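Right, one structure below, let's go through it.
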2 protein chains.
Amino acid sequence: MEFTLSTVALARTPFREKFGIPRQAGLVPVRGRIDMLPPWDQPEALNGLEQVSHIWLDFIFHQNPSKPEQLSVRPPRLGGNRRLGVFATRASFRPNRLGTSLVKLEAVCVEAGNVHLEVSGIDLLDGTPIVDIKPYLPYADRIDDAVNAIAPAAPAPTLAVDWQAQALLACRACLRELGYVGGLSGDGLCEIEQQVTQLVALDPRPAYKQSACGTYAMSVFGLNVRWVMQTPTQASISDASLA
Amino acid sequence: MEFTLSTVALARTPFREKFGIPRQAGLVPVRGRIDMLPPWDQPEALNGLEQVSHIWLDFIFHQNPSKPEQLSVRPPRLGGNRRLGVFATRASFRPNRLGTSLVKLEAVCVEAGNVHLEVSGIDLLDGTPIVDIKPYLPYADRIDDAVNAIAPAAPAPTLAVDWQAQALLACRACLRELGYVGGLSGDGLCEIEQQVTQLVALDPRPAYKQSACGTYAMSVFGLNVRWVMQTPTQASISDASLA
């Protein structure tokens with residue numbers, strides 16, 4: 001049996017490319033916006049949702065091949081050298097390309113009669129088509145004794161990250177140009193810079209490259225961010241420019 | 001944008017009709033079976049899943065209208081007289097008819113080279129098309145401080161249920177005929193009879209009928225089960241026959 005699904009909303013996120021996206025929702029409090037599409041962009045369709053703290057986004061991994069037929073995948077989490085069934089992981093190469101992300105609902109906003117959602121902890125590529133939105137149900141979704149021996153705990157940040165002085169100056173100039181207004185916190189970084197630090201600390205490089213030195217770059221928050229691996233566990237952010 | 005999804009598995013459950021199905025997965029430990037369809041019925045596609053205690057089933061509410069266009073619903077949970085946005089509830093009338101159930105994985109079984117899953121806590125109609133299966137990730141899916149003020153707690157059983165003597169005899173004869181083999185527990189009921197009791201206790205009647213007396217019936221476990229409302233909170237199971 002086949003079913004045709006249509007897009008009910010589009011995710012607007014700071015992630016312009018797959019590289020650098022955390023490998024699960026909720027790991028870094030990155031903000032995103034869910035733009036509802038007609039006819040679902042009316043306040044009536046979201047009436048009550050403001051009483052809910054977290055929501056499930058059902059989405060399509062739209063940049064993946066439309067007909068994946070492999071039965072197993074090599075999850076990056078396991079170093080890329082162990083095969084697991086597609087149904088035993090949440091890898092993005094999967095039958096029907098159907099993904100699920102759990103994000104925090106920050107606000108339900110009505111603007112000129114249309115609705116959008118402000119969320120945080122998002123791990124979706126900008127432009128991702130959303131096919132359903134569902135409230136988190138703590139009594140049904142929070143299973144205290146659940147076990148997943150493949151991924152027992154959140155991936156911990158593995159890299160120490162510093163900012164080179166000129167990179168921080170360049171980043172701040174770009175953020176001003178992008179209209180970002182925000183205070184500095186105790187470590188002298190603004191919210192966006194802190195989140196860049198967290199994204200790099202999670203080490204987005206594929207596992208087989210994680211012992212390599214070299215320079216890497218990702219496009220996020222409207223910035224091109226570059227970093228240099230100084231040692232296998234020390235990354236130094238070396239540049240930021242407008243993406 | 002539209003996307004075509006194909007069925008990867010079929011749910012085999014004791015529920016032959018919508019009436020009587022618990023209004024969320026996990027409420028009654030009803031057993032079900034997930035029959036994988038080709039090409040996903042090979043052990044490779046599920047390799048590793050035995051390390052996971054709970055799984056998400058993404059499915060299609062296939063008996064609902066294929067083009068629901070209402071923006072809000074009247075959830076039975078709220079007495080059927082309050083409208084909420086389709087995205088604020090998990091009601092089955094929803095855009096794209098996409099549903100999600102969290103069930104306990106009891107076993108991954110290989111038979112003659114093909115795979116099926118044994119699960120419990122299932123709330124799906126028999127024959128429901130499954131479009132994806134994903135492992136539960138405790139670190140990402142279990143949100144300790146999540147709030148849903150619309151449905152803060154599991155629906156509690158609201159009816160006291162007893163079995164009339166002849167109904168119990170008839171039920172036991174039917175179960176023998178269906179090949180059911182199982183011991184009796186402390187209350188003198190077998191597992192299936194206990195689950196029938198739990199299903200009736202959750203009061204499957206629509207909210208507007210919950211003050212009414214009368215006789216009701218549901219088809220479950222291959223049985224037609226009938227009960228009489230003796231008082232508004234007391235149900236008496238009066239008959240069981242082969243469905």
Side-chain angles (χ1 to χ4, degrees), chain A residues 1-8 24-26 39-40 42 44-49 51-54 56 58 60 69 71-72 83-90 94-98 100 102 129 131-154, chain B residues 1-8 24-26 39-40 42 44-49 51-54 56 58 60 69 71-72 83-90 94-98 100 102 129 131-154:
Chain A
M1 273 172 295
E2 297 205 326
F3 302 95
T4 301
L5 274 56
S6 60
T7 308
V8 301
Q24 203 57 232
W40 312 107
Q42 300 304 306
E44 185 187 349
L46 297 129
N47 178 26
L49 196 61
Q51 298 179 60
V52 167
S53 67
H54 292 73
W56 293 104
D58 292 322
I60 303 288
E69 293 194 352
L71 300 179
S72 58
R83 293 199 83 90
L84 286 175
V86 285
F87 299 119
T89 90
R90 299 218 198 155
R94 60 190 314 105
N96 293 318
R97 302 190 292 167
L98 197 57
T100 305
L102 179 57
V131 291
D132 203 3
I133 297 169
K134 300 185 178 84
Y136 190 76
L137 277 181
Y139 76 79
D141 299 345
R142 194 172 59 202
I143 308 251
D144 288 332
D145 61 351
V147 173
N148 183 324
I150 300 169
Chain B
M1 271 173 296
E2 297 206 327
F3 302 94
T4 301
L5 273 57
S6 59
T7 309
V8 301
Q24 203 56 234
W40 312 107
Q42 300 304 306
E44 185 187 350
L46 296 129
N47 178 26
L49 196 61
Q51 297 178 62
V52 167
S53 67
H54 292 73
W56 293 102
D58 292 324
I60 303 289
E69 293 194 352
L71 300 179
S72 59
R83 295 200 80 91
L84 286 175
V86 285
F87 299 119
T89 89
R90 298 217 198 157
R94 60 191 312 105
N96 292 320
R97 303 190 290 166
L98 198 57
T100 305
L102 179 57
V131 291
D132 203 2
I133 298 169
K134 299 184 179 85
Y136 189 77
L137 276 181
Y139 76 80
D141 299 344
R142 194 172 60 202
I143 308 253
D144 288 332
D145 60 351
V147 173
N148 184 324
I150 300 169

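What you see is a predicted model, and the numbers here were worked out from it, not measured in a lab. So that the names make sense, note that chain A is the first sequence line, chain B the second, and so on, each numbered from 1.
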Original post:
Where does A:Ala153 contact chain B at under 4.5 Å (heavy atoms): side chain, backbone, both or neither?
Top reply: backbone
Original post:
Given a strict heavy-atom distance threshold of 4.5 Å, which part of B:Glu44 is in contact with chain A: side chain, backbone, both, or neither?
Top reply: both
Subject >> Heavy-atom pairs under 4.5 Å with chain B, option from A:Val147, A:Val52, A:Leu49 with the top count >> reply: A:Val147
Subject >> Among A:Leu46, A:Ile133, A:Val131, residue most engaged with chain B (heavy-atom pairs, under 4.5 Å) >> reply: A:Ile133
**OP:** Look at A:Pro138, A:Ala140, A:Pro152, A:Ala151 and state which one has the largest set of heavy-atom pairs under 4.5 Å with chain B.
**Re:** A:Pro138
**OP:** For A:Trp40 and B:Val86, work out which heavy atoms get closest and say how close.
**Re:** CZ3-CG2, 4.2 Å
Subject >> Atom group of A:Ile60 that falls short of 4.5 Å from chain B, counting heavy atoms >> reply: side chain
Subject >> Shortest non-hydrogen contact from B:Leu137 toward A:Gln24 >> reply: CD1-NE2, 3.3 Å
**OP:** Would you mind telling me which of B:Asn148, B:Leu5, B:Asn47 has the largest number of heavy-atom pairs within less than 4.5 Å of chain A?
**Re:** B:Leu5
**OP:** Just give me the residue among A:Gln51, A:Glu2, A:His54 that pairs up with chain B most often, heavy atom to heavy atom, under 4.5 Å.
**Re:** A:Gln51
Original post:
Most heavy-atom pairs under 4.5 angstrom with chain B, which of A:Asp144, A:Leu84, A:Asp58, A:Leu98?
Top reply: A:Leu98
Subject >> Closest contact, heavy atoms only, A:Arg142 versus B:Ile143 >> reply: CD-O, 3.1 Å
Original post:
Can you name the ring pair (Phe, Tyr, Trp, His ring centres under 6.0 Å) partners of B:Phe3, sequence neighbours left out?
Top reply: none
Original post:
Closest approach of B:Pro135 and A:Phe87, non-hydrogen atoms and distance?
Top reply: CD-O, 3.5 Å
Subject >> With A:Asp141 via salt bridge (Lys or Arg N to Asp or Glu O under 4.0 Å) - residues at least two apart >> reply: B:Arg90
**OP:** Heavy-atom pairs under 4.5 Å with chain A are the metric here; pick the option from B:Ser53, B:Ala88, B:Ala45 that has the most.
**Re:** B:Ala45
Subject >> Backbone of B:Met1 reached by a side-chain donor or acceptor of A:Thr7 within 3.5 Å >> reply: yes
**OP:** Would you check if the side chain of A:Arg94 reaches a backbone N or O of A:Thr89 as a donor-acceptor pair within less than 3.5 Å?
**Re:** yes
Original post:
Looking at A:Asp145, A:Leu102, A:Asp132, which has the largest count of heavy-atom pairs under 4.5 Å with chain B?
Top reply: A:Asp132
